[in-house]
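To start, the structure under review is shown below, and the notes come after it.
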Amino acid sequence: MRVGLSWDLDRFEDASAGWQEVISEVVEADRMGFHSFWIHEGRERPADCPMPSVFLTYLSRKTQSGQLRIAGRRVTHALAPHIVEEVSVLDNFSRGRAGLAFAPASRQGVVPGHVHEMIDFVTSSWATDEMRFRGEHIRFPAHTPDEAPAGASVPDVEGDYVPQWEWGPEMPDFLSITPKPYVPHTPVHVEIDDDETLEWAAQQGISPMVGADMPTEQAARRLARYREIADEAGRSRREIEAVLERRVVLDGETDECTLGGSPRDVLNAIRDLRGKTGISHFVWRRGGATPMDLYRFASEVQVLLQA
Amino acid sequence: MRVGLSWDLDRFEDASAGWQEVISEVVEADRMGFHSFWIHEGRERPADCPMPSVFLTYLSRKTQSGQLRIAGRRVTHALAPHIVEEVSVLDNFSRGRAGLAFAPASRQGVVPGHVHEMIDFVTSSWATDEMRFRGEHIRFPAHTPDEAPAGASVPDVEGDYVPQWEWGPEMPDFLSITPKPYVPHTPVHVEIDDDETLEWAAQQGISPMVGADMPTEQAARRLARYREIADEAGRSRREIEAVLERRVVLDGETDECTLGGSPRDVLNAIRDLRGKTGISHFVWRRGGATPMDLYRFASEVQVLLQA
Amino acid sequence: MEFWTTSLGLAKMRPMPNALADGYENFVRDAVRAEGLGFDGYGSGEHHFMYDEFMPIPLQAVAAVAAVTSKIRLCTNAMLLPLYDPIEAAEMAATLDVLSGGRVSLGLGMGYRPYEFDGFDTAKRTRGARLREAMEVIRLATSRESFSYQGKHYQYENESLHPRSIQRPIDQWFCGGTSLQGARRAGAAGLGYWLANSPYDHTEDIVKEYRQAGAEAGFDESQLRVASFKDVCIGNTMEEAEALRQMLIDGFYDEHILGYGYLVDENGQSLYSPSREHPLYRRFTQSLYCGTIETVVEELKRYEKLGMDMVFLPSQQQELIAKEILPEFK
Amino acid sequence: MEFWTTSLGLAKMRPMPNALADGYENFVRDAVRAEGLGFDGYGSGEHHFMYDEFMPIPLQAVAAVAAVTSKIRLCTNAMLLPLYDPIEAAEMAATLDVLSGGRVSLGLGMGYRPYEFDGFDTAKRTRGARLREAMEVIRLATSRESFSYQGKHYQYENESLHPRSIQRPIDQWFCGGTSLQGARRAGAAGLGYWLANSPYDHTEDIVKEYRQAGAEAGFDESQLRVASFKDVCIGNTMEEAEALRQMLIDGFYDEHILGYGYLVDENGQSLYSPSREHPLYRRFTQSLYCGTIETVVEELKRYEKLGMDMVFLPSQQQELIAKEILPEFK
């Protein structure tokens, strides 16, 4: 089981100071073997990070091993090809440590289908060379006709190769979004807050994520429901990396969204949730814990979760 | 589209000299941006490599970027947990560049189901912590009862955590095969020489590979058939990394299994095969070409295949 | 006069194919070296949908540099602003500005390759106007707590940008190629003007035009800043320098200058695969200045005298340049 | 007398959690350093299904080392041979022997943790017999063009191994813990015997027993080789040395020695979580030799005098050992 960290950036009053604290923690946690670092997209509060890809590319040179995951990505705040590109660039700078998780449609004020279409577009772009895409929300390239097949399609017949520098003013019907990611299978997640997305993701084999603000019981129910549908659809566990994000307070109280108690209590609670839901990646949403907590969690919870 | 290299090791009379030649090529090719290096398992001829995982772990320190792929892995020449472990170890030494491709059942003298079961075992082991597995050919751990669910299963309920060092002489019903791979989704391929495997892999979303010895026309037909079945099963291109291995002779003759002609001819031929089959990874099986060929292919074929 | 530079690696080039991740690593390594050598800025360009996997998001490229440097400015040369939503671009820039302690300099161009506009579902025709509007949006977003803007292409009402950039506003340059029209527009808007490679005489004309337009629009001279790309090829002899230039042209520039419509004729028409005898192509190749250390210093002194605020030097010969040329300008 | 060693990193330990891939990198880096310091061998142990992700395939760990070193021997300490098919093990060893130019030394043990045998679907009960048979299979496979073997557990008819190992046969050591029975068996089979950590007096007994059994079986003295693990803790004072030992015990050994049935009593029963007062546990901790540089040299001289062919020193204090101790044995 992988164990990672994310942060409540909105608790900082000042981005410079707050982000420096996060960076220091990432550097420490990377050395201690935490498997992933998630920066959530946000733009409401002074220290929110609207562009996690930039933050994580910066972190790619401060870390060696941890996965660098863009979290809560929204579909309307960047042009679609940029989302494809930003992850590939991050993946090459970090040599295969990039990942991308989308925010639920409900938090973005868009229909779930818009998020699904974006995921289809992004993952198809990584997996193909020249491609076009006809969706309800995304059309790539722009002149793709209504007659093009729905979703991603690739040229049927390939004639004599015409290099780009000989294209002239032509706008070809298919384009390759580059660069490609460093590794063949970049992790993609979506938060399964709405039923439509939960079902779609389970059928498509897109990995689910549940964020820190959904109560633990509800989170467990939704992840279990995802697992059921995925099983029915023939999507086995090995395809899926189910992620649960929780707040943790060592020696503190357990509440609706927080795991508390001794390290052993937290360990048992996470194992219990794993049994109920099939999660394979736990993310600790940090909200003011101390470096000492980080070490205790690393040596008394994280290491032991591996077996 | 990714482009890699593999080798006819059986053409060398002496392993030491032959392997040194391969190592030099790998180092050069890694610098030139070839995406993958495949060492085929073999044990018939003097310079065959029976343990690609050892060779590739060695190469992990001679290379920076190329994927390191174990090819033609057989299911009966190593104990099952070793196959799980060797890839994980390679993946950690190479920081996420490992991959595993299985030989077709026909070449191993086993039933296709044996290969399928091994793939299920290996990939499930990577994706879970404590696990047991009940198959026709693999049972893990050994005392797993006949009543256990078929295939991989994980504990339903997790009680208070008992650390390993307190297990005493007990043999627990579930074990975690460790380490885990560095990245969450390690590429796994199977050669689709038999129909049963082709269909199974397409349905399960296991990526197909066609080796250098299958005639090109037949290879194209089989890969196209794989794509059809995968489409029916709802397995999109983004899940699959279809690999075609061919011999290439620049300025030479095209034959049943070889792509010949100018670099532009070879480029066109590969693009044509991509259009017909949906391959996203081309592997050049080297059989005595020169370092100069490698450079010409890199700059006049490989770079241009990217868009 | 500041000196900025860049390095190779953010693409896989045909004559020298390399692993892309190695290239990215070299790009960062070379930035650390450039900072140590005394260069003042370091940047990445931008292109999309390229067979050679050219860097599409330059602010990400320099975000990696930000993590391992402390003083060098992090620039885009150029970022193709009409291919972004202006707030998206401002958010990226502000994010990096916070991470880097205020070291971001945006070199912003309008782009020219037709299929890039098609890929981003945006009209090439309006790119000039959108570049200017978007630069104003970025200026407002990175200097005011909240702002409104009513442009032809972009409109905002009481918008706020988080995080707050360190620079208020973030440093911006209008990359206008070598056109007099671009220079006039930048001057009229009071934007810093960053020329593309061009021979000295043409540079002088452009700078004059720019300053005049700026003065007419009421801008103070201190607000009117100029910079230029300036490839130099240094040899012990002119032959050596010219051989280096030819290598650059054969290995890189020919493809990009001849192939994608970079050159624009007097009617505003992009030239695709023009002959190597075409005067615009010849003017471009001549703008890659060849000389010995002495004559290159002399040439750059002319730029300094022209009031150039920054010169962007090429990726090659950086150690030589740092050792022999930069000290002449300290 | 040769000195071999190892380093940390091939697991994530509780007191000092680290990223596994970083640990692997450190393991390789430390091997390069050990070679430079003059150590003669470098190795990895083996365990399976471990919560701390301990290295399961030691020949892969040293394969990585092979790529960046040129002289140091690549050893397993120990590889748990009963958990392999013997041909699988021989193939791994031969593959690495070719890649490394003949530098492989197999330290081969029988294992003790029950669930490891369960995981590999193989009986713990027969492990001793299978270890000896498999070592003979490896010897034949790596020394003959083709071979046949009829054992109780393994049988082969006209088998050939490809590739041909460089060493004929590949160097093998029987890692028999600290038991007299193991020493007799190894001697009787003419196998090199590699002891686990034990106090000098016990070591002396074992070596005698081993040589006698070897002589009785008709082996020449030159064929009978002995080696020993020998953790040493060096301080300026005895207190300092003992503090270092306590750190090793608290941070690593206690878990592994007390928890998994490593200690075996006189009836052949594995001890799980015995008290820290148990004589076998005390014998183990006492075997971690504490001293100053002078007394450590003295102790190792006793090993040399005993005819020890190799001593396997711990992962810590390697620079100090290389500087102050190794020269005394050149």
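Each chain gets a letter, A, B and so on, in the order its sequence line appears, and its residues count up from 1.
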Closest non-hydrogen contact found for P163(D) with P50(B) is CD-CD, 3.4 Å
Going from CG on D52(D) to OG1 on T178(B), what distance comes out if it is rounded to the nearest 0.5 angstrom?
7.5 Å
Does any backbone or side-chain atom of F140(B) lie under 4.5 Å from a heavy atom of chain D? Answer side chain, backbone, both or neither.
side chain
Can you tell me how far the CD atom of E46(D) sits from the CD atom of E85(B), to the nearest 0.5 Å?
7.5 Å
If you check every heavy atom in residues 89-100 of chain D against those of chain B, which residues fall under 4.5 Å?
E91(D), M92(D), T95(D), L96(D), V98(D), L99(D)
Applying a heavy-atom distance below 4.5 Å, give me the residues of residues 60-75 of chain B that approach chain D, sorted by number.
R61(B), K62(B)
Given a strict heavy-atom distance threshold of 4.5 Å, which part of F93(B) is in contact with chain D: side chain, backbone, both, or neither?
both
Carefully, step by step, assess L90(B) and Q60(D) under the rule side-chain contact (heavy atoms from CB on, under 4.5 Å).
CA-CA 8 Å; L90(B) 175 60; Q60(D) 259 180 283; 4.0 Å; yes
Evaluate V89(B) against Y24(D) for side-chain contact (heavy atoms from CB on, under 4.5 Å), listing each step before the verdict.
CA-CA 9 Å; V89(B) 169; Y24(D) 281 20; 4.0 Å; yes
Can you tell which part of L271(D) gets under 4.5 Å to a heavy atom of chain B, answering side chain, backbone, both or neither?
neither
Do you know which of P52(B), A80(B), A47(B), S53(B) has the most heavy-atom pairs under 4.5 Å to chain D?
S53(B)
Answer with side chain, backbone, both or neither: which region of L175(B) has an atom nearer than 4.5 Å to a non-hydrogen atom of chain D?
side chain
Kindly compute the distance separating CG (D118(D)) from CZ (R139(B)), expressed to the nearest 0.5 Å.
12.0 Å
Does D156(B) CG have over 12 foreign heavy atoms under 6.0 Å away?
no
Once side chain to side chain donor-acceptor pair (under 3.5 Å) is applied, do any residues pair with R276(D), and if so which ones, sequence neighbours excluded?
D254(D)
Sort by residue number and list every member of residues 15-43 of chain B having a non-hydrogen atom under 4.5 Å from chain D.
A15(B), S16(B), W19(B), I23(B), R43(B)
Quick check: does any side chain N or O of H162(D) sit under 3.5 Å from a backbone N or O of D48(B), one acting as donor and the other as acceptor?
no
For H82(B) and H48(D), take the angle between the two ring planes, folded into 0 to 90°, and tell me which bin it lands in: parallel under 30, tilted 30 to 60, perpendicular over 60.
tilted
Using a 4.5 Å cut-off on heavy atoms from C-beta on, say whether the side chain of Y51(D) contacts that of S176(B).
no
Given heavy-atom pairs under 4.5 angstrom as the criterion, report whether the side chain, backbone, both or neither of V28(D) touches chain B.
side chain
Do P179(B) and P56(D) have side chains that get closer than 4.5 Å, going by heavy atoms?
yes
Under a 4.5 Å heavy-atom cut-off, does chain D meet the side chain of P172(B), its backbone, both or neither?
both
Is there side-chain contact between M51(B) and E88(D), with at least one heavy-atom pair below 4.5 Å?
yes
Inter-residue atom distance S160(D).OG - E44(B).CD, 0.5 Å rounding
9.5 Å
Just how far is it from atom CE of M131(B) to atom CZ of F49(D), taken to the nearest 0.5 Å?
9.5 Å
So N92(B) and E25(D), side-chain contact (heavy atoms from CB on, under 4.5 Å) or not? Walk me through it.
CA-CA 9 Å; N92(B) 278 284; E25(D) 209 161 291; over 6 Å; no
Here the gap from L79(B) atom CG to L83(D) atom CG, rounded to the nearest 0.5 Å, amounts to 8.0 Å
Identify which part of R132(B) has an atom lying under 4.5 Å from any heavy atom of chain D, answering side chain, backbone, both or neither.
neither
Chain B heavy atoms under 4.5 Å from A11(D): which part of the residue, side chain, backbone, both or neither?
neither
Between Y115(D) and H143(B), does a side-chain contact (heavy atoms from CB on, under 4.5 Å) hold up when you go through it step by step?
CA-CA 10 Å; Y115(D) 57 88; H143(B) 80 272; over 6 Å; no
What part of Y84(D) gets within 4.5 angstrom of chain B, counting heavy atoms only: side chain, backbone, both, or neither?
both
E166(B) side-chain N/O to G259(D) backbone N/O, donor-acceptor pair under 3.5 Å:
no
Cation-aromatic face contact R113(D)/W165(B), 6.0 Å, 45 degrees:
no
